[in-house]
Amino acid sequence: MKLGSFAKISGIAALSALILAGCGQSSATKSGKNELTWVQISNMPTMDLSKATDQISGQTLNGSNEGLLRMAENNEVVPGVAKSYTISKDGKTWTFNLRHSKWSDGTAVTAKDFVYSWRRTLDPKTASQYAYIFDHVANATKVNEGKLPLSKLGVKADGNYKLVVTLARPQSYFKYLVSQSYFFPQKESVVKKDGGKYGTTSKDMIYNGPFKLTGWTGTNDTWSLVKNKHYWNAKKVTLDKIKFQVAKDPATALNQYQSGKVQVTPLVGQQVKQYKTNKDFVLRKNAATFYLEMNQKKYAFFRNQNIRKAISLTINRQQLTDKVLADGSVPAKGLVAANMSLHNGKDFADQAEVKGATSQNLVEAKKLWAKGLKETGKKSASFNLMADDTEAGKRTTEFVQSQLTKLPGFKVTNQNLPYKTRLQRSADGQFDMVVTAWIADFPDPITFLSLLTSDNSYNNGKWQNAQYDKLVANAEGKDANNANKRWDDMVKAEKVLANDEGIVPLYQQATPQLVKSGIKGIQYFPTAPIWDWSKVTVK
């Protein structure tokens with residue numbers, strides 16, 4: 001997900017250790033219902049969609065609520081609350097025709113619920129970390145800054161069942177955004193009735209999705225999603241109930257899988273090697289790229305292109321993924337994740353790849369290093385390498401450290417910190433080098449590319465390139481309605497970034513699992529990432 005700084009890493013941390021589990025075969029048989037048990041590795045912080053930032057909350061919101069559209073396979077969107085929609089020729093006006101759907105309390109879901117929800121998220125008082133994702137909606141930024149009233153936001157209800165959205169500039173991927181939780185509706189009367197307690201328990205909430213949340217007190221380790229009889233498409237929802245249980249030990253989950261007590265479990269580290277030939281093995285590639293960022297604002301040393309290139313060419317990414325992480329992750333081809341976005345049948349990551357930028361070449365690296373040292377007036381260099389204190393974070397820094405010290409006179413000291421601390425220091429520019437990550441919000445390259453523009457607040461290393469900025473601006477501006485030109489802009493931008501080594505791509509993350517054959521219909525979307533449980537059957 002293209003999350004705010006805090007959310008981005010909380011999402012990564014949750015994703016890295018995600019544990020899934022299904023109920024035992026006997027439970028579905030005995031109850032006569034189609035039920036699934038799903039194990040999470042931490043508690044759910046909130047169900048307030050205007051404030052949720054972590055993936056557990058996001059996944060639960062996606063299961064219990066619904067937006068104008070829904071994500072589907074092959075990067076398609078299908079009708080959700082909106083049964084149809086139209087786009088004006090200039091790409092700036094989107095009109096959604098809503099079906100007569102209901103909330104879980106039986107009341108109608110109307111266009112006004114969307115208007116209220118979007119305004120609430122943009123309201124400065126809400127302090128939503130997702131407010132920035134609305135930036136293409138007319139006046140969104142000024143509304144969020146308190147410079148314009150909420151009523152000036154470019155969204156309005158035309159009666160109860162027509163929603164009209166005005167964008168400041170065309171946004172071809174807006175269809176993906178309205179399928180995600182931060183664009184879901186909220187009922188004003190419920191929010192105001194709950195006040196400060198809104199989103200903290202399941203008891204007083206209402207839902208408009210395939211399931212409704214029950215048994216969640218805000219702090220407990222168990223909760224459930226049960227089928228919502230008022231959902232407009234309830235007849236097509238095959239799963240009766242999903243039971244969530246917090247568990248923190250992957251080894252225990254694997255033992256339960258082996259004994260037949262659970263049906264789906266994650267694999268970590270050497271478990272992947274052990275089970276990758278097993279018939280139940282499933283490897284899901286996430287649209288998540290881990291990369292090395294250098295503090296170019298603080299250190300002129302890292303503003304030297306030859307230094308950055310030397311650092312990149314020193315790292316053996318294949319060894320990192322195969323021998324060190326060993327969890328199914330693969331070497332990154334660039335910043336934009338592979339197998340995420342296609343145009344005319346071609347994968348963006350393949351088209352934009354600059355192989356020489358991410359391939360180890362020690363001979364060339366040492367030449368560039370020597371040249372860079374001379375240009376910066378240095379004979380040696382000593383810097384800290386910061387990362388999360390997770391197992392994967394520690395393994396990554398240890399490996400990268402061993403690789404970089406192959407450059408003569410380069411001393412690297414590892415600094416593994418709790419992710420909240422690491423994140424805050426990254427945002428504050430209190431780092432030398434840092435291993436960070438980005439998860440795509442939606443299946444479009446711009447979700448990654450906009451990150452590295454000169455004025456983006458998440459560009460913590462402060463790499464700047466005027467040509468790159470112009471290409472991204474063209475993709476978001478004058479070429480926004482021309483699919484071919486827009487794609488070409490983005491391919492060129494990725495290549496500019498790669499050739500200049502603005503950041504050093506490391507690997508693309510994966511989620512390896514064992515899935516019992518009795519589970520069918522799990523839909524996984526690598527962007528965000530989210531799951532669709534509505535078509536799951538359990539035998």
Side-chain angles (χ1 to χ4, degrees), residues 46-52 57-72 77-86 94-123 126 128 130 133-134 137 150-151 153-166 174-194 198-199 201-214 225-237 239 530 532-534:
T46 183
M47 278 295 286
D48 183 342
L49 66 87
S50 292
K51 297 181 179 180
S57 298
Q59 290 165 2
T60 309
L61 284 164
N62 189 69
S64 59
N65 290 278
E66 183 173 81
L68 296 165
L69 304 173
R70 292 182 67 88
M71 281 297 299
V77 290
V78 295
V81 176
K83 58 185 178 181
S84 64
Y85 67 97
T86 59
W94 292 58
T95 303
F96 296 91
N97 301 302
L98 278 54
R99 67 179 78 252
H100 289 221
S101 60
K102 295 180 179 181
W103 291 100
S104 56
D105 65 353
T107 58
V109 177
T110 70
K112 295 178 182 178
D113 295 328
F114 286 93
V115 174
Y116 171 74
S117 180
W118 295 13
R119 286 179 177 176
R120 179 173 181 266
T121 299
L122 269 297
D123 190 335
T126 304
S128 171
Y130 269 118
I133 205 70
F134 289 79
V137 178
L150 297 176
S151 60
L153 184 65
V155 57
K156 66 178 182 179
D158 184 358
N160 285 332
Y161 299 104
K162 181 178 288 186
L163 186 74
V164 181
V165 182
T166 303
F174 189 65
K175 62 183 180 181
Y176 296 130
L177 296 185
V178 297
S179 73
Q180 299 191 38
S181 61
Y182 28 82
F183 281 85
F184 286 178
Q186 297 179 73
K187 192 168 184 178
E188 184 175 7
S189 60
V190 174
V191 177
K192 291 187 174 180
K193 179 183 177 181
D194 290 352
Y198 178 71
T201 71
S202 60
K203 184 178 180 181
D204 299 317
M205 301 285 289
I206 59 173
Y207 313 93
N208 76 316
F211 305 95
K212 58 182 181 180
L213 182 65
T214 63
L225 286 177
V226 298
K227 188 173 180 178
N228 178 12
K229 66 178 182 179
H230 288 295
Y231 178 54
W232 69 269
N233 204 21
K235 291 182 179 180
K236 296 292 182 68
V237 178
L239 198 60
I530 56 176
D532 185 344
W533 298 295
S534 64

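Every value quoted in this text rests on a predicted model; they were computed, and no experiment measured them. Quick note: numbers below take in every heavy atom, side chains included, and nothing from hydrogens, waters or symmetry partners.
Not less than 6.0 angstrom separates the ring centroid of Y231 from the ring centroid of F211.
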Output, in order, the C-alpha distance, side-chain angles, deciding distance and verdict of side chain to side chain contact (heavy atoms under 4.5 Å, CB included) for S101 and E66. CA-CA 10 Å; S101 60; E66 183 173 81; over 6 Å; no

For K187 and T107, run side chain to side chain contact (heavy atoms under 4.5 Å, CB included): C-alpha distance rounded to whole Å, both residues' side-chain angles, the deciding distance at 0.1 Å, then the answer. CA-CA 10 Å; K187 192 168 184 178; T107 58; 2.6 Å; yes

Does D105 form a side chain to side chain contact (heavy atoms under 4.5 Å, CB included) with H230? I'd like the steps, not just the answer. CA-CA 8 Å; D105 65 353; H230 288 295; over 6 Å; no

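Of the candidates T95, V77, V178, V77 is the only one forming a side chain to side chain contact (heavy atoms under 4.5 Å, CB included) with Y85. The side chain to side chain donor-acceptor pair (under 3.5 Å) test with W103 is passed by exactly one of T110, N208, D113: D113.
Here the closest non-hydrogen pair linking D194 and M205 is OD2-SD, 4.4 Å. Pairing each heavy atom of L150 with each of L122, the nearest pair is CD2-C, 4.5 Å. Taking all atoms of both residues into account, the shortest heavy-atom contact from T121 to S50 is OG1-OG, 2.8 Å. Pairing each heavy atom of T46 with each of S57, the nearest pair is O-OG, 2.9 Å. Among all heavy-atom pairs drawn from K102 and V109, the shortest one is C-CG2, 3.5 Å. Nearest approach of L49 to S117, heavy atoms of both residues: CD1-OG, 3.8 Å.
In this structure, W232 contributes its side chain and H100 its backbone to no donor-acceptor pair below 3.5 Å.
Interatomic distance, CE of M71 versus CG of N62, reported as 10.0 Å (0.5 Å rounding). Atom-to-atom distance recorded for K203:NZ and L213:CG is 14.0 Å, nearest 0.5 angstrom. Atoms NZ and CZ, from K112 and R119 in turn, are 11.0 Å apart once rounded to the nearest 0.5 Å. Annotation: the span from Q59 atom CD to W533 atom CH2 amounts to 5.5 Å, rounded to 0.5 Å. In this structure, the separation between CZ on R120 and CD on E188 is 10.5 Å, given to the nearest 0.5 Å. To the nearest 0.5 Å, the span separating CH2 on W94 from CG on L177 amounts to 8.5 Å.
For the residue pair N97 and S84, a side-chain donor N or O sits within less than 3.5 Å of a side-chain acceptor on the partner.
Side-chain atoms of R99 and P79, non-hydrogen and from C-beta on, do get closer than 4.5 Å to each other. Proximity of T166 to V155: side-chain heavy atoms (C-beta onward) are nowhere separated by under 4.5 Å. Between R70 and P210 the shortest side-chain heavy-atom distance falls below 4.5 Å. The closest side-chain heavy-atom distance from Y198 to K51 is not below 4.5 Å. In this structure the side chain of L98 reaches within 4.5 angstrom of the side chain of F114, judged on heavy atoms. Side-chain contact between Y207 and S202 is present, with heavy atoms from C-beta onward closer than 4.5 Å.
Few gaps surround NZ on K227; more than 12 heavy atoms of other groups in view lie less than 6.0 Å from it.
Using cut-offs of 30° and 60° on the angle between ring planes, the pair F96 and F174 is tilted.
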